[in-house]
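Following: one structure in structure tokens, then a few remarks.
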Amino acid sequence: MDIKLSMHIPRDASTLPLVRHLTKHALREIGASRACIGDVEVAVTEACANVVEHTTDEDDYSVDVELTDTRCEIRVIDSGHGFDFETLGRRDAETTAEGGRGIQLMRALVDTIKFTSEPESGTVVHLVKDLEFDGAPDFIRRDRDDQVT
């Protein structure tokens, strides 16, 4: 199985539920576990919220979701000014802080996170989650049964 979703969307807070909804339902359709879906939902929402909060009004962004038999890969790509990801999300945010937990959440919820950021060229947030299943849907079971061992 190889399913790809690609969204090119305006930088607007109203796009966050759309990205979350499409990602959640794609994972649900392939039979991913509830816990796994929840983790991915929060991580992709945080990545997109960072774009909305930290880029300019003229910027748009894209979200690419790829689902395979074993993993979910998401790339959130913006054309903003970039940021120093090495120093962010490594320490716990202050308990009284209004924000600053997004990168920590993403790190905690996915198996791999990678940032590529260039000043004035934008940022790619690459999230990878190994999928867990409550029960594989028929098309995955058929595909696995057809494989020669």
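Count residues from 1 along the sequence. Quick caveat, the model's predicted, so the values are computed rather than measured. Hydrogens, waters and symmetry mates play no part in the numbers below; they use all other heavy atoms, side chains included.
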Subject >> Inter-residue atom distance Met7.CE - Thr23.OG1, 0.5 Å rounding >> reply: 4.5 Å
Subject >> Contact summary for Asp111 and Asp130, nearest pair of heavy atoms >> reply: OD2-N, 2.6 Å
Subject >> Minimum heavy-atom distance between Thr15 and Pro10, given as atom pair plus value >> reply: CG2-O, 3.3 Å
**OP:** Might you point out which heavy atoms bring His126 and Val128 nearest each other, and give the distance in Å?
**Re:** NE2-CG2, 3.6 Å
Subject >> Sequence-distant partners of Arg28, salt bridge (charged side-chain N to carboxylate O under 4.0 Å, His left out), two or more places apart >> reply: none
**OP:** Before giving the answer on side chain to side chain contact (heavy atoms under 4.5 Å, CB included), spell out for Lys24 and Val40 the whole-Å C-alpha distance, their side-chain angles and the decisive distance to 0.1 Å.
**Re:** CA-CA 8 Å; Lys24 173 177 83 174; Val40 172; over 6 Å; no
Subject >> Reported CE-to-CD1 distance for the pair Met1 and Ile30, which is rounded to 0.5 angstrom >> reply: 4.0 Å
Original post:
Under 4.5 Å between side-chain heavy atoms, hopping through other hydrophobics if needed: is there a path connecting Val19 to Val110?
Top reply: yes
**OP:** Return yes if a side-chain donor-acceptor contact under 3.5 Å exists between Asp64 and Ser6, otherwise no.
**Re:** yes
Subject >> Asn50 vs Met106 side-chain heavy atoms within contact, under 4.5 Å >> reply: yes
Subject >> Residue pair Ser14 / Pro17: nearest heavy atoms and the distance that separates them >> reply: O-CD, 3.4 Å
**OP:** Flag yes if Val76 and Ile103 sit in one hydrophobic cluster, no otherwise; membership is Ile, Leu, Val, Met, Phe, Trp, Tyr, and two members link when side-chain heavy atoms are under 4.5 Å apart.
**Re:** yes
Subject >> Nearest-0.5 Å distance that lies between atom CZ in Arg107 and atom CG in Leu127 >> reply: 10.5 Å
Original post:
Applying the 4.5 Å side-chain criterion to the ILVMFWY set and letting contacts propagate, would Phe115 and Val44 be lumped into a single cluster?
Top reply: yes
Original post:
Between Arg71 and Lys129, is there a donor-acceptor pair closer than 3.5 Å when you use the side chain of the first and the backbone of the second?
Top reply: no
Original post:
Between atom CG of Asp134 and atom CD of Glu132, what is the distance when rounded to the nearest 0.5 Å?
Top reply: 9.0 Å
Original post:
For the hydrophobic clusters of this structure (ILVMFWY residues joined by side-chain heavy atoms under 4.5 Å, transitively), does one cluster hold both Leu16 and Ile9?
Top reply: yes
Subject >> Hydrophobic cluster identity match, Ile74 and Leu105, side-chain contacts under 4.5 Å >> reply: no
**OP:** Identify the two heavy atoms, one from Ala32 and one from Ile37, that lie closest to each other, and give their separation to 0.1 Å.
**Re:** O-CD1, 3.5 Å
Subject >> Rounded distance (nearest 0.5 Å) linking atom OG1 of Thr123 with atom CG of Asp78 >> reply: 4.5 Å
Subject >> Residue pair Ala47 / Val125: nearest heavy atoms and the distance that separates them >> reply: CB-CG1, 4.3 Å
Subject >> Interatomic spacing from SG in Cys48 to CD in Glu53 - rounded to 0.5 Å >> reply: 13.0 Å
